[in-house]
Amino acid sequence: MEKGMLVLGLVAIMVVGVVVVVESSVEGEEVSYDGRSLIINGQRKLLFSASIHYPRSTPEMWGSLIGKAKEGGIDVIQTYVFWNLHEPEKGQYDFSGRDIVRFIKEIQAHGLYASLRIGPFIEAEWNYGGLPFWLHDVPGIVYRCDNEPFKVHMQNFTTKIVNMMKSENLYASQGGPIILSQIENEYEMVEHAFHEKGPPYVRWAAQMAVALQTGVPWMMCKQYDAPDPVVIIYSPLHLEGRLAINFSRHKIHLAFSSVDQHFPGPNSPNKPWLWTENWTTWYRAYGKEPETRSAQDIAFQVALFVARNGTFVNYYMYHGGTNFGRTTSAFTTTSYYDDAPLDEYGFIRLPKWGHLKQLHEAIKSCSNPILFGTQFTLSLGQQQMGYIYQRNSGECAAFLVNQDDTKSVAVIFPNSSYELGPSSVSILPDCKNVVFNTAKVNVKNNTRLVTTGKKFNESEMWQEFKDIIPTFADTSMRSKTLLEHMNTTKDMSDYLWYTFSYQHESSNSKAVLSVRSAGHVLHAFVNGASVGAFLERKALGLRRVRIHDIQNSKDLSNHRWGYQVGLLGEKLQIYMDHSSSNVQWRNFTSSNNPLTWYKVRFDAPAKNESFGLNLGSMGKGEVWINGQSIGRHWASFLTSQGSPYQTWYHVPRSFLKPKDNLLVILEEQNGSPLGISLDIISTI
């Protein structure tokens, strides 16, 4: 850094951190770092990054999404690698469909960099944090600690991904777009639970990653003790309201993704400030009121982070994404981060996208002083601060910050007056003229428009198949105790039948079936008739079953139980065109039958538009179009205002054929398919 003029109120400032590991470059672009920024081919870089998850969109959408991100001032596309998507069975890899190599090449084709978060534990509201379920059955395994069975499989998968990237010359050191890789994810949050098995695992993970010789830095998200040369990434958390978290004896209070003044920063002065998860909104979940985040707040935190020495900011998520299939928790809607700068359908969200684009332009106009100048701070009031970057040449940039969230303040800098609105940053690329203020939005809003398209409101359109309710005699799996759901299903199905045969000897005809369940939903049948209760829980499986009346009470938890994994319709794959005829479909009769499959055939609209399937009339289940799952639906789960958490479900155009499309719906409750329509989604 250059020496600069002394400014009143000089304060040493360090910002939230990322841990990076550097390796020697083979060919192509050399990627390294210093205490100010990442360095690519000898040039310091100020970078804005966008999280776009390749499995949460379709290959046909990737080019458009990446192009819109680039137009919005994005330099880097960041994605996780989803282990359980690519190795669903031990040793059996599948990279078809959501081809990560194709995705990285699409990034390269648009002239952008890539950041690859391998994990392989990723969280990301993905089933088991991305870990494949078969790991559960590996003898002696303990996840994410100094445990040999886990480390063997983690190393195998990480090596597999790295070698795939190398074979396609996708690392920057080979002339490719990948400038960063990540190992593990937010481990410091749970490290204490593993006691003496935690720290050795962190060291091993870093050493294992570096030994793969990618030629680009490795990083660890929020791991303050990450060993050299790994970089620590800043990634604050948001849980309900405000959250206090201890980081190396520094307590921070965060609402959404905010920059904390007391974060200790990187664990070395030679490592840069990187921020990998600046949330643009919050993911959608059943039972959780929808949350949003304003363009002004996002811009304020980004400008504040850069003012304090940050030179890499990633937006999580930049594209809202769709949770197709059974890839995520049953409590997460298929619409992931719908209020992101690019929504679930790939439309630009205004003003968010446009306001951030202007922010990027303003900050980039300060690049030279930020990357090569000396940083000073100047107190401008009780909650007001000036951050100044100045070069020996006199080139200067300033960020004037008002952290008072209640009132505007006029500040003097250095001899001129500047009006700062509540919670705002003014950016002055020449230390004189304001080119951008984070609180002032000069972009018009747009609105999503839903136009009713093809209706499926005639009973003659539909056919139905009522899934078979097994009896105890039908089952081959038996136990004298209540089995845990996931251990039994091996994640092959959301459904597990618990069956028993019991002779109720009481003369009282009003017996009560009492079930303690840790499942999301419980459906109960007695002699084939539904008597089910609707229960929401955080875990899975039955815990206790009793039958009682006025005279008697009997605990059946240790009774002889029979089990069946999944539904018959699932086993026969009746949602697929080639196997739909495996059962006898009947004409539609009524909508009051639980565990019923419905199907209809239709022609796709001629225009190349975006579509959402309106499932507001349904209850709970899953939906397939031409054999491809567009996700679970749960329209019967209502918000406090009495409306479904999600009504429209994204149908990618690539899922549709011009003619004779097959729509199959599994309905667990008593929803009516006659209210379904395929609607056109647009913006105005």
Side-chain angles (χ1 to χ4, degrees), residues 4-17 36 46 234 236 242 250-265 273 275 278 293-311 313 355-356 358-367 369-370 373-391 394-442:
M5 53 179 268
L6 180 64
V7 177
L8 182 63
L10 176 63
V11 179
I13 295 291
M14 296 199 67
V15 191
V16 256
R36 182 55 60 88
L46 176 56
Y234 177 48
R242 291 184 175 268
H250 291 264
K251 182 169 285 187
I252 60 177
H253 300 275
L254 302 167
F256 268 114
S257 283
S258 57
V259 179
D260 184 78
Q261 298 184 60
H262 306 296
F263 192 87
W273 292 98
W275 189 358
N278 180 15
R293 190 178 181 202
S294 71
Q296 297 94 316
D297 182 52
I298 300 171
F300 172 68
Q301 298 295 344
V302 171
L304 187 57
F305 181 70
V306 173
R308 291 176 174 166
N309 215 32
T311 53
V313 177
H355 192 56
L356 295 180
Q358 293 177 357
L359 169 72
H360 302 154
E361 292 170 350
I363 292 177
K364 288 291 183 71
S365 69
C366 306
S367 290
I370 290 173
T374 300
Q375 183 202 57
F376 303 97
T377 63
L378 181 65
S379 176
L380 302 174
Q382 284 190 334
Q383 298 186 68
Q384 295 76 41
M385 183 72 72
Y387 295 85
I388 303 99
Y389 291 89
Q390 187 161 1
R391 303 188 68 180
E395 190 176 5
C396 177
F399 294 76
L400 307 185
V401 179
N402 179 18
Q403 291 196 285
D404 191 323
D405 59 5
T406 62
K407 62 183 180 182
S408 297
V409 177
V411 300
I412 303 299
F413 172 79
N415 298 312
S416 300
S417 179
Y418 296 89
E419 185 78 13
L420 301 178
S423 296
S424 73
V425 178
S426 283
I427 300 175
L428 293 67
D430 57 0
C431 284
K432 294 178 182 179
N433 299 296
V434 176
V435 298
F436 185 85
N437 180 274
T438 59
K440 296 178 180 179
V441 177
N442 300 312

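Index from 1, following the sequence.
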May I have the step-by-step check of side chain to side chain contact (heavy atoms under 4.5 Å, CB included) for Gln403 and Ser423, ending in yes or no?
CA-CA 5 Å; Gln403 291 196 285; Ser423 296; over 6 Å; no
Is Leu428 close to Asn433 at the side-chain level, that is, under 4.5 Å between some pair of heavy atoms?
no
Going from CD on Gln383 to CG on Leu420, what distance comes out if it is rounded to the nearest 0.5 angstrom?
12.0 Å
Arg36 side chain to Gly310 main-chain N or O, any donor-acceptor pair under 3.5 Å?
no
Test item: side-chain donor near acceptor, Ser426 and Asn437, under 3.5 Å:
yes
Please table the atom pairs, donor to acceptor, closer than 3.5 Å between any side-chain atom in residues 411-418 and protein atoms at least two apart or in another chain.
{"from": "Tyr418", "atom 1": "OH", "to": "Lys432", "atom 2": "O", "distance (Å)": "2.6"}

Intermediate values then yes/no, side chain to side chain contact (heavy atoms under 4.5 Å, CB included), Asn402 and Lys407:
CA-CA 9 Å; Asn402 179 18; Lys407 62 183 180 182; 5.9 Å; no
If we ignore hydrogens and angles and just use 3.5 Å, is the side chain of Arg391 paired with the main-chain N or O of Ile370 as donor and acceptor?
no
Carefully, step by step, assess Gln384 and Val401 under the rule side chain to side chain contact (heavy atoms under 4.5 Å, CB included).
CA-CA 5 Å; Gln384 295 76 41; Val401 179; over 6 Å; no
Can you measure from CD (Glu395) to OH (Tyr389) and round to the nearest 0.5 angstrom?
14.0 Å
Distance from Tyr387 atom OH to Leu378 atom CG, nearest 0.5 Å?
11.0 Å
Do Val435 and Pro429 have side chains that get closer than 4.5 Å, going by heavy atoms?
yes
So, does Asp405 use its side chain to make a donor-acceptor pair with the main chain of Ser424 at under 3.5 Å?
no
Between the main-chain N or O of Phe300 and the side-chain N or O of Asp297, is there a donor-acceptor pair closer than 3.5 Å?
no
Report the distance from atom CZ of Phe436 to atom CD of Glu361, rounding to the nearest 0.5 Å.
9.5 Å
Passes side chain to side chain contact (heavy atoms under 4.5 Å, CB included), Cys396 versus Ile388? Steps please.
CA-CA 7 Å; Cys396 177; Ile388 303 99; 3.7 Å; yes
Is it true that a side-chain atom of His360 and a backbone atom of His355 form a donor plus acceptor pair closer than 3.5 Å?
no
